[in-house]
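What follows is a short report on a single structure.
Chain naming here is simple, since letters A, B, ... match the order of the sequence lines and numbering starts at 1 in each.
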2 protein chains.
Amino acid sequence: MTADPYDVLDEQCPTREVLSRIADKWAMLVILALEEKTLRFSALRTRVRGVTQKMLTQTLRGLEKDGLVARKVTPTVPVTVEYSLTPLGRSLSQAVSVIRRWTYDYMDEIKRARARFQKTKPVA
Amino acid sequence: MTADPYDVLDEQCPTREVLSRIADKWAMLVILALEEKTLRFSALRTRVRGVTQKMLTQTLRGLEKDGLVARKVTPTVPVTVEYSLTPLGRSLSQAVSVIRRWTYDYMDEIKRARARFQKTKPVA
DNA sequence: CAGAATCCTAATGGATACTG
DNA sequence: CAGTATCCATTAGGATTCTG
């Protein structure tokens, strides 16, 4: 059993910036949306409720840069742009789904924890 | 098979804000650091390389609020404060570890994807 | 439709000073 | 030691306008 050559807790480790990209609210939501199916820009904007056009564009460029999302332009009039997960992106979506699963499964417990916290430390 | 009562892609869904808290660079790093062992504030600051005291405090308060991290104060002089994952936090750390695992496993492929991207779209 | 550009506010991050 | 508080510079993010 060889130790990992990486350590994300180390600031200099290249994995740190990869984590920074995916440990991001919009990035995760986009990945989850594209996991379902390929979507056009406008559909993606609708599916990922609350994302602004600017953040969606920015997030997509980042994911594209790291090879997680593929951008396909069809020269219709007006132009059609489709976004989909690459095989690499799909492998990541598995991991992101685990996070979502956890969130769904423990939502109630988190609510209780919050209530408990409020009781212990009333609003300052 | 009952459908999940939640949908994180819905802006109004309570799971959205939970995801926002954990889909965060510092939050994930703190969770990974505490997964190894209980740590005092200063040790945590050293382990999570690059985090500032301000961001660490802020991140810990958020995780504490959602019941993921426990804060234990021992009234020594000077005071000793230990942070550890709660059982709920440990269940999450499993999921976060999956993300880290993915990052370590695909780091090389991401590097190649970046190189490819650079070739296709030279710096603007 | 898919975005680029612009403007403005809020959050982040660093540095420093202070306290129980 | 483990913070809180404050000032300041930089950056992220939101709202709006405009275009191929």
Provide a list of protein-nucleic acid N or O atom pairs under 3.5 angstrom, restricted to nucleotides 10-12 of chain C.
unit_1, atom_1, unit_2, atom_2, d
C:dT12, OP2, B:Gln58, NE2, 3.0

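The list of salt bridge (charged side-chain N to carboxylate O under 4.0 Å, His left out) pairs with a residue in residues 78-92 of chain A, not counting sequence neighbours, is empty. Sorted by first and then second residue, the pairs that involve residues 46-63 of chain A and meet salt bridge (charged side-chain N to carboxylate O under 4.0 Å, His left out), not counting sequence neighbours, are A:Glu36-A:Arg47, A:Arg47-B:Asp7, A:Arg61-A:Glu64. For residues 14-33 of chain A, the pairs satisfying side chain to side chain donor-acceptor pair (under 3.5 Å) are A:Arg21-A:Asp66, with sequence neighbours left out.
Residues satisfying the side chain to side chain donor-acceptor pair (under 3.5 Å) criterion with A:Asp10, sequence neighbours excluded, are absent altogether. The side-chain contact (heavy atoms from CB on, under 4.5 Å) search around A:Ala113 returns A:Arg116, not counting sequence neighbours. Under the side chain to side chain donor-acceptor pair (under 3.5 Å) criterion, A:Thr76 pairs with A:Thr80, not counting sequence neighbours. Remark: A:Ser97 pairs with A:Glu35 by the side chain to side chain donor-acceptor pair (under 3.5 Å) rule, at least two apart or across chains. Residues forming a side chain to side chain donor-acceptor pair (under 3.5 Å) with B:Ser91 (at least two apart in sequence, or on another chain): A:Trp102. Shown here are the side-chain contact (heavy atoms from CB on, under 4.5 Å) partners of A:Gln53, two or more places apart in sequence or in another chain: A:Phe41, A:Arg45, A:Thr57.
Near DNA chain C, meaning a heavy atom under 4.0 Å away, the residues from residues 31-42 of chain A are A:Arg40, A:Phe41, A:Ser42. Of the residues in residues 12-22 of chain A, none lies under 4.0 Å from DNA chain D by heavy-atom distance.
Spacing between atom NZ of A:Lys72 and atom P of C:dG3 amounts to 15 Å, rounded to whole angstrom units. At whole-Å resolution of the value, CZ in A:Arg71 and C1' in C:dA4 are 12 Å apart. In this structure, B:Leu56 atom CG and D:dT4 atom P are separated by 11 Å, rounded to whole Å.
In terms of phosphate contacts, B:Arg45 brings no side-chain nitrogen or oxygen within less than 4.0 Å of OP1 or OP2 of D:dA2. Taking side-chain N and O atoms only, A:Tyr83 has no distance below 4.0 Å to OP1 or OP2 of C:dC1.
A donor N or O paired with an acceptor N or O is not found under 3.5 Å between the base of C:dA15 and the side-chain atoms of B:Gln53.
Taking a 6.0 Å sphere around NZ of B:Lys72, one finds it holds 12 or fewer heavy atoms contributed by other residues, nucleotides or ligands.
Within the nucleic acid shown, B:Val79 comes within 4.0 Å of at least one base atom, counting heavy atoms only.
For the pair B:Ile31 and B:Leu92, the minimum side-chain heavy-atom distance is below 4.5 Å.
Nearest nucleotide to the side chain of A:Arg61, out of C:dG3, D:dT4, D:dA2: C:dG3.
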